[in-house]
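To start, the structure itself, in structure tokens.
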2 protein chains.
Amino acid sequence: MPRPASARDRVLTAYEDLLIESGERGATLDAVAARAGVSKGGLLYHFGSKDALVEGFIARLMDLTEEDIDIMLAAPEGVVDYIIRTSVNEGTAFDRALIAAARLAQTADPRAGVALASIHDRWLDVVTQVVGDATVARAIVLISDGLYYNSALMGMGATEPNDPTDERLDRLLEVIARLGAASRP
Amino acid sequence: MPRPASARDRVLTAYEDLLIESGERGATLDAVAARAGVSKGGLLYHFGSKDALVEGFIARLMDLTEEDIDIMLAAPEGVVDYIIRTSVNEGTAFDRALIAAARLAQTADPRAGVALASIHDRWLDVVTQVVGDATVARAIVLISDGLYYNSALMGMGATEPNDPTDERLDRLLEVIARLGAASRP
DNA sequence: TTGACTATACCGACTGGACGGTATAGTAGC
DNA sequence: GCTACTATACCGTCCAGTCGGTATAGTCAA
């Protein structure tokens, strides 16, 4: 690990930003380098190929996933509330990484698909633990997936607002409570 | 319109297949033409540009959507059962078109994302009509979205089976019934 | 303390291949 | 003779990856 808040990290963030804003096609090495404020050569010094860049991005995503699960388990409002409310916008570093991964998965990069599937499974485990019923947990995680993917894929075409305090989410959570979900762990 | 599966249709289907199998990057004009068994010149005779091909694909998707909604409304097992069970595999022409659209969404052009959003809205309308409650309908459509996008994005990484008669879907539908959804119109 | 050498971090011109699109000449069937 | 193609060649652009070079800091030995 090099000392300063490094070029390597800036490159990863630039890649993520470009995936979100312009899709996989727009996230070229030149564009990523420019965004990160390094030259193309500099980028390729840190990541020897585009493939290695994808690998690095996914590794960071998996780290953020573990962090987010810790936060989720400690959330004062409960796991279910947390997972549904944070399924909706692009605010946190984790949200952004997830949306970027969804963009990557669209282009059939199997690694992004596998990463997404494993994140989904982690959530399912945690929610199952909390609500006690595997099928109820599955329904909840699917709703979360639906919210995520809608914001990931529909972009400007979306009808869903991206506000985690939206009262429509309150109502959605009330309906979810009917499934038998404990709203607190 | 000529008699058998016309070259035009074959081109559209080949494009769809390639989107599903190889993503947007793999669906090049050369690859689509080869898959459809026409020459590149032949493809460009029918669709003057890749843009026109996308347009043609989306037009067919929207036709299939209207057909599917008619089928859904007439489904003997009810709208909710139908929408959840058919959210899961790549069997029908409509399913395949939807998965392909998810691959295309927001990659280069917002049209696929807009189309997806409008299909989502049509479903929401229909389900709201049937179950009577907008929030319950939203939860159901989100579960359907979750199932769809999981099969669209996770590909080989998926843990979800793609079998509409899977008993896990039966259990999921039982849980959804607790939301207050009428399982028949 | 200075000069030789090494490692790390980065630059940017260039190459080669892929891809969208154009063009043109020709063919089979109605 | 028109529609619906096939076949092939070619062009310009974009893009991943290569390569030679530069800058800086640190090591070490004479």
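So you know, we letter chains A, B, ... as the sequences are listed, proteins then strands, and number each from 1.
Rounded to an integer number of Å, the gap from Arg10(A) CZ to dA9(C) C1' is 12 Å. In this structure, the CG atom of Leu29(B) is 18 Å from the P atom of dT13(D), given to the nearest Å. Distance Arg25(A) CZ to dC19(C) P: 9 Å, rounded to the nearest Å. As a whole-Å value, the separation of Leu53(A) CG from dC15(D) P is 15 Å. Rounding to whole angstrom units, CG of residue Asp30(B) and C1' of dA7(D) are separated by 13 Å. Straight-line distance from the CG atom of Asp51(A) to the P atom of dC15(D): 18 Å, rounded to whole Å. A straight line from NZ of Lys40(A) to C1' of dT22(D) spans 19 Å, rounded to a whole angstrom. Here the P atom of nucleotide dC15(D) and the CD atom of Glu24(A) are 11 Å apart, to the nearest Å.
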Got a list of side-chain donor-acceptor pairs under 3.5 Å for residues 34-45 of chain A, not counting sequence neighbours?
unit_1, atom_1, unit_2, atom_2, d
Arg35(A), NH1, Glu21(A), OE1, 3.1
Arg35(A), NH2, Glu21(A), OE2, 2.8
Ser39(A), OG, Gly41(A), N, 3.4
Ser39(A), OG, Gly42(A), N, 3.0

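The side chain to side chain donor-acceptor pair (under 3.5 Å) contacts involving residues 52-64 of chain B comprise Thr13(B)-Arg60(B), Glu16(B)-Arg60(B), Glu55(B)-Arg111(B), where partners must be two or more places apart or lie in separate chains.
Gly37(B) comes within 4.0 angstrom of sugar-phosphate atoms only, judged by non-hydrogen atoms across all strands, and of no base.
Non-hydrogen atoms lying under 4.0 Å from DNA chain D are contributed by Gly41(B), Gly42(B), Tyr45(B), His46(B), all within residues 41-50 of chain B.
Looking at residues two or more places apart in sequence or on another chain, you find a side-chain contact (heavy atoms from CB on, under 4.5 Å) between Ala137(B) and Leu124(B), Val127(B), Thr128(B), Val131(B). The side chain to side chain donor-acceptor pair (under 3.5 Å) search around Thr135(B) returns none, not counting sequence neighbours. Judged as a side-chain contact (heavy atoms from CB on, under 4.5 Å), and not counting sequence neighbours, the contacts of Glu66(A) are Arg122(A).
For Thr28(B), the side-chain atoms get nearest to dC19(C) when compared with the rest of dC19(C), dA7(D), dG17(D). Distance from the side chain of Ser39(A) is smallest for dC11(C) among the nucleotides dC11(C), dG20(C), dA7(D). Proximity note for Val38(A) (side chain, C-beta onward) versus dC11(C), dG17(D), dG21(C): the nearest is dC11(C).
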- Please test Asp133(B) against Arg138(B) for salt bridge (charged side-chain N to carboxylate O under 4.0 Å, His left out), starting from the C-alpha separation and ending with a verdict. CA-CA 9 Å; Asp133(B) 181 291; Arg138(B) 188 156 173 250; over 6 Å; no
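For Ala27(B) against Tyr15(B), the heavy-atom pair with the smallest separation is CB-CE1, 3.7 Å.
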